[in-house]
Amino acid sequence: MMCFKETVTISCSCSCVARKLRDLGCHEFVEGWSQSHLSYSLHIVSLSFQLANSLSLSLSMELNRFAAAAAAVVVVVVVIWLGWRVLNWVWLTPKKLERCLRKQGLSGSSYRLLFGDLKDSTKITKEAISSPISFSQDIVPRVVPYTHYSVTNYGKNSFTWIGPKPRVTITDPELVKEILSKNFNFKKVKINPLARLLVPGLATYEDEQWVKHRKIINPAFHMEKLKHMLPAFDSSCSEMISKWENMVSMQGFCELDVWPSLQTLTSDVISRTAFGSSYEEGRRIFQLQAELAEHTIQILSSVYIPGWRFVPTKRNRRMKEIDNEAKASLRAIINRRLQAMKAGESSNEDLLGILLESNLREDQGNGINSKSVGSMSIDEVIEECKLFYLAGQETTSVLLVWTMVLLSRYPHWQQRAREEVLQVFGNNRPYFDGLNHLKVVSNYDFE
Ligand code: HEM
C-alpha cells in the first residue's frame, strides 16, 4: 500500500522526486529520468519499492530519534517532578510548617531531615519502659515519655516531629475543647497505611463518612442494649475469678500476675458482647488482631516511605496475611448472621447484631430519628468489628489493672468499695439496676 502511494506521487511531481531520489542515493534512476519516462516504467516500479523502503527506513529512524528524545524528556520531567515532591516532603513543607507554628507562638524542636524526633522519641521511650513503673500517681513520664519530654522542654502547648510531620501537643483544656468541637477544621492525622490495617473504620473517618458510620453504630452503645450484655460480663468475670480461686485454694495464697488474666478477661468480654454465639471464632480474630498490633507498634517507630507497604518484606506479608484471615473469618460470621436475620431469627443482643440491624434500617431508608444516611457495605461492617476489638480490649484491661494497683495502694478505698458492693448486691450476682447504686466504685472509674 505504501509502495503504491509513493509510485503515484513520483509520476505526479517528477523534478521534486528526482531531487528527493538523489538525496536518498538513487542516482541510477535520476540519470535515466531525462531520456524517457516510458522506458523507465518498469524500473520505476522496482525503484519505487527501493524508495519506499528508503523512505520508511528514514522515517522509522526519524521516529526512533523522536521517540528517544521524547522518552528522555519524559524521564527528565518525571525525575524533576519526583525530586521536587521528595524535597517538598522531607524538607520544604516541614520547614514551612515549622515557621508557621513558631509564628503562632508555639515552641518546639527544630525539624531534622526525614526522621524529625523519631530517633529521640524511640530512645526516650525505650529508656522509660526499661525500668519497673513506680506505683505513684505521676505516671505521665512512664506512659507517654516523649510527650512529657516535649511539654517539659517546650511548654504546655508545643510541637515535636514524627518524621516529617509536626505533632502539636495541646494541654490547655479550653483549647482541647475547641479543637474537639471543630473536628471539621482539625482533621485527623493521616496514619501509616499499614497501621490502617489495625486502626480501621470510624476512628479514621472524617465528615460525612464519619457521621454515617457513627449514626449506624450509635445504637450499639445505648444503655438499653448494654443491659443485655451484662450476662456476658458476668460469665467472663466468673470464669476468671474461679481460676484465681483454684490457684489460691492449693496453698491458701498465691502470687499472681493479674495483667494477662485481665487481658484475657476483656478479650472474652468483647468476643461475647460483639459476636454472641460466634464468640469462639471471634476469639481467634482477636488473637490475630493482637499480633497485628505488635507489628503495628514496630512500624510506627520508623518513618513511612511512600509505597513501602507494597514491598513484600516479611513483616508486610505477615500483616497482610493476618488481615486477610481476620477479614475472611469476620465475613463468614457476618454472612451467617445475615442469613439468620433473613430467616427471621432475632439477633440484636450483641454488637454485631445491633450493628447489622441498624445498618439494615438505613438500607431500607428508615434511619432512627432522622432521614437515612445510607447503609454500610459488608467490608465496612468488617472494619467496624475490627475497631470494636481494638478500641475496647486493651483500653479496658489497662484501666482494670491500674484500678487494682491503686486499690492495693490505698487499702481504705478498697475496703469502702468492698463494703459498698456487698451492701448493694449481698451474695447475689450483679444486676443492672444495682450498678447505678455503686457510687464509690463509679467514682474510681471516673478517676
Ligand atoms: C477504658 C476504656 C476506654 C477508653 C479509655 C477509651 C478511649 C477512647 C478514646 C480516647 C477515643 C477517641 C479516639 C480518637 O478519636 O482519636 C475512643 C474512641 C472510640 N472508642 Fe473507646 N475507649 C474505651 C473503651 C471502649 C470500648 C469498650 C469500646 C467498644 C467496644 C470503644 C469503642 C470506641 C469507638 C468505636 C471509638 C471511635 C469513636 C468515633 O470516632 O466516633 N471504646 N475511645
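Just so you know, residue 1 is the first one in the sequence shown, and it goes up from there. Values below: all heavy atoms of this structure, side chains included; hydrogens, waters and symmetry mates excluded. Counting convention: from 1, in listed order, for ligands and their atoms alike.
- Close contacts of ligand 1 with Phe221, meaning ligand atoms under 4.0 Å from a residue heavy atom, involve 29 (C).
- Nearest protein neighbour of atom 20 (N) of ligand 1, counting heavy atoms only, is Ala391 CB, 3.7 Å.
- Contact annotation for atom 24 (C) of ligand 1: protein present (non-hydrogen atoms, distance under 4.0 Å).
- The structure places OG of Ser110 at 9.0 Å from CG of Asp117, a figure rounded to the nearest 0.5 Å.
- For atom 15 (O) of ligand 1, the nearest non-hydrogen atom of the protein is Lys188 CE, 4.7 Å.
- Here the protein heavy atom with the shortest distance to atom 28 (C) of ligand 1 is Gly392 CA, 3.8 Å.
- Annotation: atom 40 (O) of ligand 1 to nearest protein heavy atom, Trp210 NE1, 3.3 Å.
- When side chains are defined from C-beta on, Trp402 counts as touching Val405, because their heavy atoms get closer than 4.5 Å.
- Contact annotation for atom 11 (C) of ligand 1: protein absent (non-hydrogen atoms, distance under 4.0 Å).
- No donor-acceptor pair closer than 3.5 Å links the side chain of Ser397 to the backbone N or O of Gln263.
- With ligand atoms numbered from 1 in the order given, ligand 1 contributes 38 (C), 39 (C), 40 (O), 41 (O) to contacts under 4.0 Å with heavy atoms of Leu202.
- For atom 33 (C) of ligand 1, the nearest protein heavy atom lies under 4.0 Å away.
- Of the polar atoms of Arg214, at least one N or O is found under 3.5 Å from an N or O of ligand 1, judged by distance alone.
- Residue contact check: Thr395 has heavy atoms under 4.0 Å from atoms 1 (C), 2 (C), 3 (C), 4 (C), 6 (C), 23 (C), 24 (C) of ligand 1.
- Ion pairing of Arg416 with Glu419 is absent here, as no side-chain N (NZ or NE/NH1/NH2) approaches a carboxylate O to less than 4.0 Å.
- A pairwise comparison of heavy atoms in Arg337 and Phe275 identifies NH2-O, 3.2 Å as the closest pair.
- Screening Glu208, Glu383, Glu380 for a side-chain contact (heavy atoms from CB on, under 4.5 Å) with His213, the sole residue that qualifies is Glu380.
- Taking the six-membered ring where the residue is Trp, Trp91 and Tyr111 present tilted rings, their angle falling between 30° and 60°.
- The minimum heavy-atom distance between Leu197 and Lys386, with the atom names listed, is O-NZ, 3.1 Å.
- The nearest protein heavy atom to atom 18 (C) of ligand 1 is not closer than 4.0 Å.
- Checking atom 36 (C) of ligand 1 against the protein gives no heavy-atom contact under 4.0 Å.
- Using a 4.0 Å threshold on non-hydrogen atoms, atom 1 (C) of ligand 1 counts as touching the protein.
- The aromatic rings of Tyr410 and His412 lie perpendicular to each other, with more than 60° between the two planes, well past the 30° mark.
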